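See structure below.
Atom set for the values below is all heavy atoms of this structure, side chains included, hydrogens, waters and symmetry mates excluded. Per chain, numbering begins at 1; letters A, B, ... match sequence-line order. Please read these numbers as outputs of a predicted model, since none were measured by experiment.
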Protein chains: 2
Amino acid sequence: MILKHSKQRDAIKSFLMTRKDHPTADVVYTNVREEFPNISLGTVYRNLTLLSEIGEISRIRVGDGIDHFDADISLHYHFVCTHCGSVLDLNMESLSHINEIAGAGFDGKISGHVTYFYGTCPKCTSQELLS
Amino acid sequence: MILKHSKQRDAIKSFLMTRKDHPTADVVYTNVREEFPNISLGTVYRNLTLLSEIGEISRIRVGDGIDHFDADISLHYHFVCTHCGSVLDLNMESLSHINEIAGAGFDGKISGHVTYFYGTCPKCTSQELLS
DNA sequence: CCTCTAAATAGTAACGATTACTGTTATTAT
DNA sequence: ATAATAACAGTAATCGTTACTATTTAGAGG
(Lines give C-alpha, C1' and ligand atoms only; values in the text may rest on other atoms or scores of the structure.)
Protein backbone atom coordinates (compact mmCIF):
# COMPACT_ATOMS: atom_id res chain seq x y z
CA MET A 1 0.00 0.00 0.00
CA ILE A 2 1.65 3.17 -1.27
CA LEU A 3 0.96 6.14 0.96
CA LYS A 4 -0.63 9.14 -0.72
CA HIS A 5 -0.40 12.60 0.67
CA SER A 6 -3.49 14.02 2.35
CA LYS A 7 -4.28 17.44 3.78
CA GLN A 8 -6.50 15.90 6.44
CA ARG A 9 -3.70 13.67 7.70
CA ASP A 10 -1.32 16.64 7.82
CA ALA A 11 -3.84 18.62 9.84
CA ILE A 12 -4.32 15.75 12.31
CA LYS A 13 -0.58 15.36 12.81
CA SER A 14 -0.09 19.14 13.09
CA PHE A 15 -2.84 19.48 15.66
CA LEU A 16 -1.41 16.66 17.75
CA MET A 17 2.00 18.34 17.70
CA THR A 18 0.53 21.52 19.21
CA ARG A 19 -0.79 19.66 22.24
CA LYS A 20 1.15 18.62 25.29
CA ASP A 21 -1.79 16.74 26.77
CA HIS A 22 -2.88 13.56 25.04
CA PRO A 23 -6.11 14.12 23.13
CA THR A 24 -8.62 11.44 22.31
CA ALA A 25 -9.84 10.83 18.77
CA ASP A 26 -12.93 12.86 19.51
CA VAL A 27 -10.93 15.87 20.69
CA VAL A 28 -8.81 15.66 17.56
CA TYR A 29 -11.98 15.48 15.48
CA THR A 30 -13.53 18.52 17.18
CA ASN A 31 -10.42 20.62 16.69
CA VAL A 32 -9.46 19.59 13.18
CA ARG A 33 -13.03 20.35 12.14
CA GLU A 34 -12.26 24.03 12.59
CA GLU A 35 -9.95 23.80 9.60
CA PHE A 36 -11.83 21.03 7.76
CA PRO A 37 -15.51 21.39 8.66
CA ASN A 38 -16.46 18.32 6.61
CA ILE A 39 -13.82 15.95 7.92
CA SER A 40 -15.37 12.70 9.02
CA LEU A 41 -14.72 10.97 12.32
CA GLY A 42 -13.76 7.86 10.37
CA THR A 43 -11.00 9.80 8.64
CA VAL A 44 -9.66 10.90 12.02
CA TYR A 45 -9.64 7.33 13.34
CA ARG A 46 -8.15 5.90 10.16
CA ASN A 47 -5.33 8.45 10.16
CA LEU A 48 -4.61 8.17 13.87
CA THR A 49 -4.31 4.42 13.42
CA LEU A 50 -2.21 4.81 10.28
CA LEU A 51 0.12 7.38 11.87
CA SER A 52 0.65 5.19 14.92
CA GLU A 53 1.30 2.16 12.74
CA ILE A 54 4.04 3.95 10.81
CA GLY A 55 5.43 5.25 14.09
CA GLU A 56 4.79 8.96 13.64
CA ILE A 57 2.58 9.16 16.73
CA SER A 58 1.85 6.81 19.59
CA ARG A 59 -1.38 5.40 20.94
CA ILE A 60 -1.73 5.55 24.71
CA ARG A 61 -4.02 3.31 26.72
CA VAL A 62 -4.45 4.26 30.33
CA GLY A 63 -7.33 2.03 31.35
CA ASP A 64 -10.18 4.49 30.85
CA GLY A 65 -11.32 2.63 27.77
CA ILE A 66 -10.57 5.58 25.49
CA ASP A 67 -7.48 5.76 23.32
CA HIS A 68 -5.28 8.82 23.69
CA PHE A 69 -2.73 9.96 21.13
CA ASP A 70 0.64 11.61 21.45
CA ALA A 71 2.85 13.20 18.79
CA ASP A 72 5.84 12.82 21.12
CA ILE A 73 7.16 9.35 20.26
CA SER A 74 10.24 9.57 22.48
CA LEU A 75 10.26 6.98 25.28
CA HIS A 76 8.50 8.41 28.29
CA TYR A 77 5.95 7.43 30.89
CA HIS A 78 2.50 8.78 31.65
CA PHE A 79 0.58 9.81 34.71
CA VAL A 80 -3.21 9.63 35.00
CA CYS A 81 -5.05 11.77 37.52
CA THR A 82 -7.71 9.72 39.29
CA HIS A 83 -9.61 12.94 40.05
CA CYS A 84 -9.82 14.76 36.73
CA GLY A 85 -8.69 12.05 34.32
CA SER A 86 -6.00 14.14 32.68
CA VAL A 87 -2.96 12.41 31.23
CA LEU A 88 0.43 14.01 31.85
CA ASP A 89 4.00 13.25 30.81
CA LEU A 90 6.50 12.13 33.41
CA ASN A 91 10.10 13.15 33.12
CA MET A 92 11.92 10.11 34.45
CA GLU A 93 14.55 7.57 33.66
CA SER A 94 13.81 4.42 31.68
CA LEU A 95 12.55 1.44 33.62
CA SER A 96 13.93 -1.13 31.20
CA HIS A 97 15.54 -2.97 34.11
CA ILE A 98 12.10 -4.22 35.18
CA ASN A 99 11.99 -6.37 32.05
CA GLU A 100 14.88 -8.38 33.44
CA ILE A 101 13.19 -8.62 36.85
CA ALA A 102 10.05 -9.94 35.17
CA GLY A 103 11.96 -12.32 32.91
CA ALA A 104 13.95 -13.92 35.71
CA GLY A 105 11.29 -16.42 36.70
CA PHE A 106 9.49 -16.70 33.37
CA ASP A 107 9.92 -19.20 30.53
CA GLY A 108 8.64 -17.00 27.70
CA LYS A 109 10.30 -14.03 26.04
CA ILE A 110 9.65 -10.58 27.46
CA SER A 111 10.04 -7.84 24.87
CA GLY A 112 8.70 -4.85 26.77
CA HIS A 113 6.33 -3.42 29.30
CA VAL A 114 3.53 -0.93 29.61
CA THR A 115 3.54 1.23 32.72
CA TYR A 116 1.58 4.22 33.79
CA PHE A 117 1.27 5.87 37.16
CA TYR A 118 -1.83 7.20 38.81
CA GLY A 119 -2.65 9.52 41.70
CA THR A 120 -3.51 13.19 42.09
CA CYS A 121 -2.18 15.68 39.57
CA PRO A 122 -0.59 18.99 40.65
CA LYS A 123 -3.72 20.99 39.81
CA CYS A 124 -6.06 18.67 41.76
CA THR A 125 -3.62 18.50 44.67
CA SER A 126 -3.70 22.28 45.10
CA GLN A 127 -7.51 22.31 44.87
CA GLU A 128 -7.68 19.68 47.63
CA LEU A 129 -5.79 21.98 49.97
CA LEU A 130 -8.46 24.65 49.51
CA SER A 131 -11.41 22.43 50.46
CA MET B 1 -26.85 -1.00 50.30
CA ILE B 2 -27.05 -4.29 52.18
CA LEU B 3 -25.62 -7.18 50.22
CA LYS B 4 -27.99 -10.09 49.74
CA HIS B 5 -26.82 -13.55 48.95
CA SER B 6 -27.18 -14.77 45.38
CA LYS B 7 -26.53 -18.17 43.82
CA GLN B 8 -25.49 -16.53 40.57
CA ARG B 9 -22.84 -14.44 42.27
CA ASP B 10 -21.51 -17.52 44.07
CA ALA B 11 -21.28 -19.40 40.79
CA ILE B 12 -19.41 -16.52 39.13
CA LYS B 13 -16.90 -16.31 41.98
CA SER B 14 -16.50 -20.10 42.11
CA PHE B 15 -15.91 -20.32 38.39
CA LEU B 16 -13.29 -17.59 38.52
CA MET B 17 -11.48 -19.43 41.32
CA THR B 18 -11.14 -22.53 39.16
CA ARG B 19 -9.27 -20.62 36.46
CA LYS B 20 -5.64 -19.69 36.42
CA ASP B 21 -5.98 -17.70 33.23
CA HIS B 22 -7.93 -14.46 33.36
CA PRO B 23 -11.30 -14.86 31.73
CA THR B 24 -13.30 -12.06 30.16
CA ALA B 25 -16.91 -11.37 31.15
CA ASP B 26 -18.06 -13.26 28.09
CA VAL B 27 -16.07 -16.36 29.00
CA VAL B 28 -17.50 -16.23 32.51
CA TYR B 29 -20.98 -15.89 31.02
CA THR B 30 -20.54 -18.87 28.70
CA ASN B 31 -19.27 -21.12 31.48
CA VAL B 32 -21.65 -20.10 34.25
CA ARG B 33 -24.51 -20.68 31.84
CA GLU B 34 -23.82 -24.40 32.08
CA GLU B 35 -25.04 -24.26 35.67
CA PHE B 36 -27.53 -21.38 35.22
CA PRO B 37 -28.82 -21.56 31.65
CA ASN B 38 -30.96 -18.43 32.10
CA ILE B 39 -28.34 -16.21 33.66
CA SER B 40 -28.16 -12.90 31.87
CA LEU B 41 -25.01 -11.23 30.64
CA GLY B 42 -26.00 -8.16 32.64
CA THR B 43 -25.96 -10.23 35.82
CA VAL B 44 -22.46 -11.41 35.02
CA TYR B 45 -21.22 -7.87 34.42
CA ARG B 46 -22.99 -6.48 37.49
CA ASN B 47 -21.52 -9.15 39.74
CA LEU B 48 -18.04 -8.94 38.29
CA THR B 49 -18.13 -5.20 38.93
CA LEU B 50 -19.58 -5.67 42.41
CA LEU B 51 -17.06 -8.35 43.37
CA SER B 52 -14.17 -6.22 42.19
CA GLU B 53 -15.53 -3.19 44.06
CA ILE B 54 -15.65 -5.11 47.35
CA GLY B 55 -12.20 -6.48 46.63
CA GLU B 56 -13.04 -10.15 46.21
CA ILE B 57 -11.70 -10.27 42.67
CA SER B 58 -9.65 -7.91 40.55
CA ARG B 59 -10.27 -6.36 37.17
CA ILE B 60 -7.34 -6.52 34.78
CA ARG B 61 -6.84 -4.20 31.83
CA VAL B 62 -4.10 -5.17 29.43
CA GLY B 63 -4.74 -2.82 26.55
CA ASP B 64 -6.82 -5.13 24.37
CA GLY B 65 -9.94 -3.18 25.22
CA ILE B 66 -11.54 -6.13 26.99
CA ASP B 67 -11.67 -6.44 30.76
CA HIS B 68 -10.23 -9.60 32.27
CA PHE B 69 -11.00 -10.84 35.78
CA ASP B 70 -8.91 -12.64 38.35
CA ALA B 71 -9.95 -14.33 41.60
CA ASP B 72 -6.35 -14.06 42.80
CA ILE B 73 -6.24 -10.67 44.49
CA SER B 74 -2.70 -10.97 45.81
CA LEU B 75 -0.31 -8.39 44.38
CA HIS B 76 1.21 -9.75 41.21
CA TYR B 77 2.00 -8.69 37.67
CA HIS B 78 0.71 -9.95 34.35
CA PHE B 79 2.17 -10.94 31.04
CA VAL B 80 0.33 -10.63 27.73
CA CYS B 81 1.36 -12.73 24.76
CA THR B 82 1.45 -10.62 21.59
CA HIS B 83 0.95 -13.78 19.52
CA CYS B 84 -2.00 -15.55 21.13
CA GLY B 85 -3.31 -12.86 23.46
CA SER B 86 -3.26 -15.02 26.56
CA VAL B 87 -2.74 -13.37 29.94
CA LEU B 88 -0.40 -15.10 32.39
CA ASP B 89 0.70 -14.46 35.96
CA LEU B 90 4.27 -13.42 36.64
CA ASN B 91 5.99 -14.55 39.79
CA MET B 92 8.19 -11.59 40.63
CA GLU B 93 9.03 -9.10 43.32
CA SER B 94 7.04 -5.92 43.85
CA LEU B 95 8.06 -2.91 41.77
CA SER B 96 6.87 -0.35 44.31
CA HIS B 97 10.24 1.40 44.06
CA ILE B 98 9.28 2.74 40.64
CA ASN B 99 6.68 4.96 42.30
CA GLU B 100 9.51 6.86 43.96
CA ILE B 101 11.41 7.07 40.68
CA ALA B 102 8.33 8.52 39.01
CA GLY B 103 7.56 10.87 41.88
CA ALA B 104 11.05 12.38 42.02
CA GLY B 105 10.50 14.93 39.28
CA PHE B 106 6.72 15.31 39.60
CA ASP B 107 4.68 17.84 41.55
CA GLY B 108 1.54 15.76 42.02
CA LYS B 109 0.98 12.78 44.30
CA ILE B 110 1.68 9.31 42.92
CA SER B 111 -0.36 6.63 44.64
CA GLY B 112 0.40 3.64 42.45
CA HIS B 113 1.19 2.22 39.05
CA VAL B 114 -0.18 -0.20 36.50
CA THR B 115 2.36 -2.40 34.76
CA TYR B 116 2.10 -5.35 32.49
CA PHE B 117 4.71 -7.04 30.34
CA TYR B 118 4.35 -8.29 26.82
CA GLY B 119 6.24 -10.62 24.52
CA THR B 120 6.00 -14.27 23.49
CA CYS B 121 4.55 -16.76 25.94
CA PRO B 122 6.24 -20.13 26.60
CA LYS B 123 3.76 -22.00 24.40
CA CYS B 124 4.16 -19.63 21.42
CA THR B 125 7.95 -19.57 21.88
CA SER B 126 8.16 -23.35 21.46
CA GLN B 127 5.89 -23.24 18.42
CA GLU B 128 8.14 -20.62 16.83
CA LEU B 129 11.11 -23.00 17.04
CA LEU B 130 9.20 -25.59 15.01
CA SER B 131 8.44 -23.30 12.06
C1' DC C 1 -44.36 -19.38 59.33
C1' DC C 2 -45.91 -15.00 57.02
C1' DT C 3 -45.18 -10.64 55.36
C1' DC C 4 -42.73 -6.86 53.83
C1' DT C 5 -38.83 -4.39 51.81
C1' DA C 6 -35.26 -3.99 49.03
C1' DA C 7 -31.60 -6.45 46.59
C1' DA C 8 -30.98 -9.27 42.65
C1' DT C 9 -32.56 -11.11 38.62
C1' DA C 10 -33.68 -11.97 33.30
C1' DG C 11 -34.48 -9.84 29.31
C1' DT C 12 -33.94 -6.14 26.47
C1' DA C 13 -32.72 -1.59 25.01
C1' DA C 14 -29.29 1.87 24.90
C1' DC C 15 -24.69 3.50 24.99
C1' DG C 16 -19.97 5.09 23.44
C1' DA C 17 -15.79 4.13 21.18
C1' DT C 18 -14.34 2.22 17.21
C1' DT C 19 -14.43 -0.13 12.66
C1' DA C 20 -16.37 -1.36 8.19
C1' DC C 21 -18.77 -0.29 4.02
C1' DT C 22 -19.90 2.50 -0.22
C1' DG C 23 -19.88 5.59 -3.64
C1' DT C 24 -17.14 9.87 -4.65
C1' DT C 25 -12.91 12.79 -4.70
C1' DA C 26 -8.08 13.68 -4.90
C1' DT C 27 -3.31 12.36 -5.46
C1' DT C 28 0.33 10.87 -8.18
C1' DA C 29 2.67 7.77 -11.60
C1' DT C 30 2.71 7.19 -16.49
C1' DA D 1 -4.16 14.40 -19.73
C1' DT D 2 -5.35 9.88 -18.22
C1' DA D 3 -5.64 6.05 -15.47
C1' DA D 4 -5.08 3.66 -11.16
C1' DT D 5 -5.89 3.67 -6.58
C1' DA D 6 -5.36 5.90 -1.96
C1' DA D 7 -8.13 8.73 0.72
C1' DC D 8 -12.23 10.78 1.51
C1' DA D 9 -17.27 11.91 3.64
C1' DG D 10 -21.14 9.94 5.19
C1' DT D 11 -23.36 6.32 7.17
C1' DA D 12 -24.20 1.77 9.02
C1' DA D 13 -22.54 -1.80 11.80
C1' DT D 14 -19.84 -3.87 15.55
C1' DC D 15 -18.57 -4.87 20.21
C1' DG D 16 -17.94 -4.50 25.05
C1' DT D 17 -20.46 -2.65 28.49
C1' DT D 18 -24.15 -0.22 31.10
C1' DA D 19 -28.92 1.17 32.02
C1' DC D 20 -33.74 0.22 32.31
C1' DT D 21 -37.98 -2.39 33.76
C1' DA D 22 -40.90 -5.59 35.38
C1' DT D 23 -40.44 -9.82 38.14
C1' DT D 24 -38.31 -12.84 41.51
C1' DT D 25 -35.93 -13.82 45.69
C1' DA D 26 -33.37 -13.18 50.05
C1' DG D 27 -33.78 -12.54 54.62
C1' DA D 28 -35.23 -9.43 58.62
C1' DG D 29 -39.11 -8.48 61.89
C1' DG D 30 -43.40 -9.64 63.61
Side-chain angles (χ1 to χ4, degrees), chain A residues 1-16 21-54 56-70 80 85-87 116, chain B residues 1-16 21-54 56-70 80 85-87 116:
Chain A
M1 175 96 101
I2 294 135
L3 209 67
K4 281 188 184 166
H5 189 251
S6 119
K7 298 172 166 102
Q8 288 89 336
R9 181 155 57 236
D10 286 350
I12 289 166
K13 175 93 185 280
S14 299
F15 168 71
L16 260 191
D21 63 345
H22 305 75
T24 61
D26 204 63
V27 172
V28 174
Y29 175 57
T30 303
N31 282 272
V32 173
R33 228 174 358 168
E34 289 172 15
E35 188 181 352
F36 290 89
N38 300 350
I39 197 171
S40 113
L41 187 53
T43 297
V44 173
Y45 272 104
R46 183 165 21 79
N47 279 297
L48 288 172
T49 299
L50 175 58
L51 287 167
S52 69
E53 278 172 354
I54 64 179
E56 294 200 16
I57 67 174
S58 72
R59 183 190 296 261
I60 302 167
R61 293 184 159 143
V62 287
D64 61 356
I66 311 171
D67 288 2
H68 298 249
F69 296 88
D70 189 352
V80 185
S86 69
V87 179
Y116 58 87
Chain B
M1 173 95 100
I2 293 137
L3 209 67
K4 282 189 182 166
H5 190 249
S6 119
K7 297 172 166 102
Q8 288 89 337
R9 182 155 57 238
D10 287 350
I12 289 167
K13 175 92 184 280
S14 299
F15 168 70
L16 259 192
D21 63 344
H22 307 75
T24 61
D26 203 63
V27 172
V28 174
Y29 174 57
T30 303
N31 282 272
V32 173
R33 229 180 352 173
E34 289 173 13
E35 188 181 353
F36 291 87
N38 300 350
I39 197 171
S40 111
L41 187 54
T43 298
V44 172
Y45 272 105
R46 184 165 21 77
N47 279 296
L48 287 172
T49 299
L50 175 57
L51 287 168
S52 69
E53 278 171 354
I54 64 178
E56 294 200 16
I57 67 174
S58 72
R59 185 190 295 261
I60 302 166
R61 291 182 162 144
V62 287
D64 61 356
I66 312 173
D67 288 2
H68 297 250
F69 296 89
D70 190 353
V80 185
S86 68
V87 179
Y116 58 87

- Message: Distance check needed: C:dT9 C1' versus B:M1 CE, whole Å only.
- Response: 13 Å
- Item | Closest heavy-atom pair and its distance - A:V32, A:F15 | CG2-CB, 4.1 Å
- Closest heavy-atom pair and its distance - B:G85, B:V80: O-CG1, 4.4 Å
- B:I2 CD1 to D:dA28 C1', in whole Å, measures 9 Å
- From A:N47 CG over to A:E56 CD, what is the distance, rounded to the nearest 0.5 angstrom? 10.5 Å
- What is the distance, rounded to the nearest whole Å, between atom CD1 of B:I66 and atom P of D:dG16? 5 Å
- Item | Nearest-nucleotide 5' precedence on DNA chain D, A:V44 against B:H68 | A:V44
- Message: Once rounded to the nearest 0.5 Å, what's the spacing between atom CD1 of B:I57 and atom CD1 of B:I12?
- Response: 8.5 Å
- Task: Would you mind reading off the distance between B:D10 atom CG and D:dT25 atom C1', rounded to a whole angstrom?
- Result: 14 Å
- Nearest to the side chain of A:H5 - D:dA9, C:dT28, D:dA7? C:dT28
- Message: Tell me whether the side-chain N/O atoms of B:N47 come closer than 4.0 Å to OP1 or OP2 in C:dT9.
- Response: yes
- Query: To the nearest angstrom, how far is B:F36 atom CZ from C:dG11 atom P?
  - Reply: 14 Å
- Message: Could you tell me how far apart A:K13 (NZ) and D:dA7 (C1') are, to the nearest whole angstrom?
- Response: 18 Å
- Message: Taking CG in B:L3 as the centre, count heavy atoms belonging to other residues, nucleotides or ligands within less than 6.0 Å. Is the count above 12?
- Response: yes
- Between B:Q8 and D:dT25, does any side-chain N or O lie under 4.0 Å from OP1 or OP2? no
- Item | Atom pair distance, as rounded to whole Å: CZ in B:R33 and C1' in C:dT9 | 16 Å
- Backbone of B:K4 reached by a side-chain donor or acceptor of B:R9 within 3.5 Å: yes
- Between C:dA26, C:dA7, D:dT17, which nucleotide gets closest to the side-chain atoms of A:K4? C:dA26
- Task: Among the candidates C:dA10, D:dG10, C:dA7, find the nucleotide nearest to the side-chain atoms of A:N38.
- Result: D:dG10
- Phosphate contact (C:dT27 OP1 or OP2) by A:K7 side-chain N/O below 4.0 Å: yes
- Distance check: side-chain N/O of B:T43 vs OP1/OP2 of C:dA10, anything under 4.0 Å? yes
Below 3.5 Å between N/O atoms, which protein atoms pair up with nucleotides 18-22 of chain D? Just atom names and distances, please.
none

Pair up each side-chain donor or acceptor in residues 60-69 of chain A with any protein partner under 3.5 Å, not counting sequence neighbours, and list the distances.
from	atom 1	to	atom 2	distance (Å)
A:R61	NE	A:D67	OD1	3.1
A:R61	NH1	B:G63	O	2.8
A:R61	NH2	A:D67	OD2	3.3
A:D64	OD1	A:I66	N	3.0
A:D64	OD2	A:H68	NE2	3.0
A:D67	OD2	A:R59	NH1	2.5
A:H68	ND1	A:H22	O	2.7

- Query: Roughly how many Å is it from CG in A:L51 to P in D:dA7, rounded to a whole number?
  - Reply: 11 Å
